[in-house]
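Here the structure is laid out as structure tokens; the discussion comes afterwards.
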There are 2 protein chains.
Amino acid sequence: MNIGQAAQASGVSAKMIRYYESIGLVPPVGRRTSGYRDYGPADLHRLGFIRRARDLGFSIERIRLLLDLWSDQSRSNAEVKAVALTHIKELEERARQLQEMADSLRTLAEACDGDGRPDCPIIQSLETGEAPTCQGEHPAWH
Amino acid sequence: MNIGQAAQASGVSAKMIRYYESIGLVPPVGRRTSGYRDYGPADLHRLGFIRRARDLGFSIERIRLLLDLWSDQSRSNAEVKAVALTHIKELEERARQLQEMADSLRTLAEACDGDGRPDCPIIQSLETGEAPTCQGEHPAWH
DNA sequence: TGTTGACCTTCCCATGATGGGAAGGTGCAG
DNA sequence: CTGCACCTTCCCATCATGGGAAGGTCAACA
């Protein structure tokens, strides 16, 4: 099986398959006399594992760890779970940070009428670092 | 004011200040006879703006846009708001994706006892792409 | 005055994961 | 035999940031 077919079958691009080989994430695969790489079912299996781990946001280095645990017959599932929980914590931390940024910015955007005047609380806040004033600070219109 | 002091005052590292200058995000600042860069209040003001925009997750290119809008006296706040809303959407999309990954992985992790056996639903799911079985698939204990 | 240590300058390199593209070889179908 | 689709390796780009080397400057202190 050529690299292109392996890419299609595994969902990992040919570029990435070569890259993963170059960094030792997948072992060097057999070559035909032409020099073409030749992929078998076990290779596809490994590539699929990697793709699914990437889809879950695991870094290359952590996938390396997971692959080691995968091939380690004497592994305990507690080790795998620990890696997963660490990763979950990091994902949620990053998600939280992004959402925090979005919330801050939304507060600013809500203070901006967007009515065509040059005056803008968003710009003002970036300029001074101060929270915007008025526009609901004393929400008497409520 | 030297670059180091400007860095301290603005919260942007000296490395980054030079980089921002090199890409034209901040104009070339005055030099002393020694060749040292010399920063004044207006320069600090701009650097502070940039730092706060970075803290809100804006990309360099979008900050360039915001800086243009800042210096444009005839800007309408609607333009600024539009940039902000676009950015909010992107931030929330990324946050959502990360949280989705975390949720998927948490489902797997919950199916894993972590009791020291080699059997592990997390690894199995990465291997086969199938959702884990048992462990609550028929939650009779509810 | 001389020395020392902290600071500045430019330049190059690295990150992480991925894609683009060039130059040249291979394989298969018409 | 020709053409096209595929393969090979190699280099470069991304984005924002930091590290470090080699060399110049400045201020304080003996």
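Chain A is the first sequence line, chain B the second, and so forth, proteins listed ahead of strands; every chain is numbered from 1. Treat the numbers as computed from the prediction; the structure is a model and nothing was measured.
The phosphate of dC6(D) has neither OP1 nor OP2 within less than 4.0 Å of any side-chain N or O from R32(A). The side chain of R31(B) contributes an N or O atom lying less than 4.0 Å from OP1 or OP2 of dT10(C). An OP1 or OP2 oxygen of dT17(D) is reached within less than 4.0 angstrom by a side-chain nitrogen or oxygen of R54(B). Taking side-chain N and O atoms only, S13(A) has no distance below 4.0 Å to OP1 or OP2 of dT18(C). Using a 4.0 Å cut-off, some side-chain N or O of S34(B) falls inside it from OP1 or OP2 of dC26(D). At dC8(C), none of the side-chain N or O atoms of R37(B) fall inside 4.0 Å of OP1 or OP2 (strictly under the cut-off). In this structure, Y20(A) reaches the dT18(C) phosphate: one of its side-chain N or O atoms is under 4.0 Å from OP1 or OP2.
Under the 4.0 Å criterion applied to side-chain N and carboxylate O atoms, E93(B) and K89(B) are not assigned as salt-bridge partners. Of the charged side-chain nitrogens involved, none lies within less than 4.0 Å of a carboxylate oxygen, so that E90(A) and R94(A) do not count as a salt-bridged pair.
Comparing G35(A) and M16(A), the nucleotide of DNA chain C nearest to each residue sits closer to the 5' end for M16(A). Two residues, I60(B) and K15(B), neighbour DNA chain D, and the one matched to the more 5' nucleotide by heavy-atom proximity is I60(B). Comparing Y36(A) and Y19(A) along DNA chain C, the residue whose closest nucleotide (by nearest heavy atom) sits nearer the 5' end is Y19(A).
Listed for the S125(B) side chain is no donor-acceptor partner under 3.5 Å among the backbone atoms of I122(B). A distance-only check finds a donor-acceptor pair linking the side chain of D115(A) to the backbone of R117(A) [under 3.5 Å]. Of the possible donor and acceptor atoms, one in the side chain of D38(A) sits under 3.5 Å from a partner among the backbone N and O of M1(A).
Rounded to an integer number of Å, the gap from Q8(B) CD to dA6(C) C1' is 14 Å. Remark: P of dC7(C) and CG of N2(B) are 10 Å apart, rounded to the nearest angstrom. Here the P atom of nucleotide dT10(C) and the CD1 atom of I3(B) are 8 Å apart, to the nearest Å. One interatomic measurement links the two molecules: CD1 of I63(A) to P of dA17(C), which rounds to 8 Å at whole-angstrom precision. Distance CD1 (I23(B)) to C1' (dT14(D)): 13 Å, rounded to an integer number of Å. Atom-to-atom, CZ of R62(B) to P of dA16(D) comes out at 11 Å; the value is rounded to the nearest Å. Residue R18(A) contributes atom CZ, which lies 14 Å from atom C1' of dC11(D) at whole-angstrom precision. We find that CD of Q5(A) is positioned 13 Å from C1' of dC28(C), with the value rounded to whole Å.
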